[in-house]
Peer 1: 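First the structure, then my questions, so here it is.
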Amino acid sequence: MAHPAIPRILELATPIATDLGLEIVGATFHTNESPPVLRLELRNPIADTSLDDCERLSRALEPVLDEADAIPGAYVLEVSSPGLSEFLETDREFTSFKGFEVTVTTREPHKGKSLWQGSLLDRDAETLRINQKGRVISIPRDLVERVRLADGAE
């Protein structure tokens with residue numbers, strides 16, 4: 001269960017992150033640590049998330065949280081990247097992982113199957129293509145529920 005302060009923290013942090021061209025993708029407040037630790041995870045949607053991105057958000061957010069008294073008492077603010085997700089979502093991720101082994105899950109069966117495995121070829125507005133043992137499989141993009149990096153691909 002999320003700490004009750006998280007909604008207020010996100011309400012304050014999200015517009016700041018947006019102004020910096022960043023997205024907040026997670027927030028946790030660890031009250032079992034001394035002092036408590038507020039961890040925010042962010043993503044840069046157009047480039048690799050850098051240490052500079054984390055520092056910019058931290059410096060911009062600290063005074064706002066303190067002024068709003070969103071967290072009473074002493075705490076530590078940690079801003080980081082969530083790291084590599086096993087699921088591909090953005091065009092940039094599909095380009096970066098071209099040639100990697102993936103598992104594609106479809107919302108409904110395509111050619112009798114809902115689970116496809118193969119090497120990622122590409123994705124355009126209509127189709128996701130994988131190579132399955134030398135055979136190109138084209139899956140309509142509107143049927144694709146998710147694309148996951150296969151084990152060992154990371």
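Hydrogens, waters and symmetry mates are skipped; everything else that's a heavy atom, side chains included, is used.
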Peer 1: Tell me whether K98 at atom NZ has more than 12 heavy atoms from other residues, nucleotides or ligands lying less than 6.0 Å away.
Peer 2: no
Peer 1: How about CD1 on I46, more than 12 heavy atoms from neighbouring residues, nucleotides or ligands closer than 6.0 Å, or not?
Peer 2: no
Peer 1: Quick one, W116 and I130 - any side-chain contact, counting heavy atoms below 4.5 Å?
Peer 2: yes
Peer 1: Quick one: salt bridge (charged side-chain N to carboxylate O under 4.0 Å, His left out) partners of R135, sequence neighbours excluded?
Peer 2: none
Peer 1: Would you mind listing every ring-ring contact (aromatic ring centres under 6.0 Å, His included) that reaches into residues 7-51, with sequence neighbours excluded?
Peer 2: H3-F29
Peer 1: Going by side-chain heavy atoms closer than 4.5 Å, which hydrophobic residues are tied to V136, directly or by a chain of links?
Peer 2: L121
Peer 1: Could you name each residue pair satisfying salt bridge (Lys or Arg N to Asp or Glu O under 4.0 Å) that touches residues 122-131, not counting sequence neighbours?
Peer 2: D91-R123, D122-R129, D124-R129
Peer 1: Say you draw a straight line from OG of S80 to CG of L51; how long is it, rounded to the nearest 0.5 Å?
Peer 2: 10.5 Å
Peer 1: Could you check L128 against L120 for side chain to side chain contact (heavy atoms under 4.5 Å, CB included), going step by step and ending with a plain yes or no?
Peer 2: CA-CA 8 Å; L128 170 75; L120 178 63; 3.7 Å; yes
Peer 1: Does the T14 side chain pair with the main chain of L10, one donor and one acceptor, at a distance under 3.5 Å?
Peer 2: yes
Peer 1: Taking the side chain from H110 and the backbone from V144, do they hold a donor-acceptor pair closer than 3.5 Å?
Peer 2: no
Peer 1: Which pairs pass salt bridge (Lys or Arg N to Asp or Glu O under 4.0 Å) with one or both residues in residues 66-80, sequence neighbours excluded?
Peer 2: R39-E78
Peer 1: To the nearest 0.5 Å, what is the distance between OG1 on T31 and CG on L38?
Peer 2: 11.5 Å
Peer 1: Taking all heavy atoms of R107 and all of D142, pick out the closest pair and write down the distance.
Peer 2: NH1-O, 3.6 Å
Peer 1: Give me each pair satisfying ring-ring contact (aromatic ring centres under 6.0 Å, His included) with a member in residues 35-78, each pair once, sequence neighbours excluded.
Peer 2: none
Peer 1: Would L61 and V79 count as a side chain to side chain contact (heavy atoms under 4.5 Å, CB included) here? Give the steps.
Peer 2: CA-CA 10 Å; L61 184 57; V79 180; 5.6 Å; no
Peer 1: Atom CD of E41 and atom OG of S81: how far apart are they, to the nearest 0.5 Å?
Peer 2: 7.5 Å
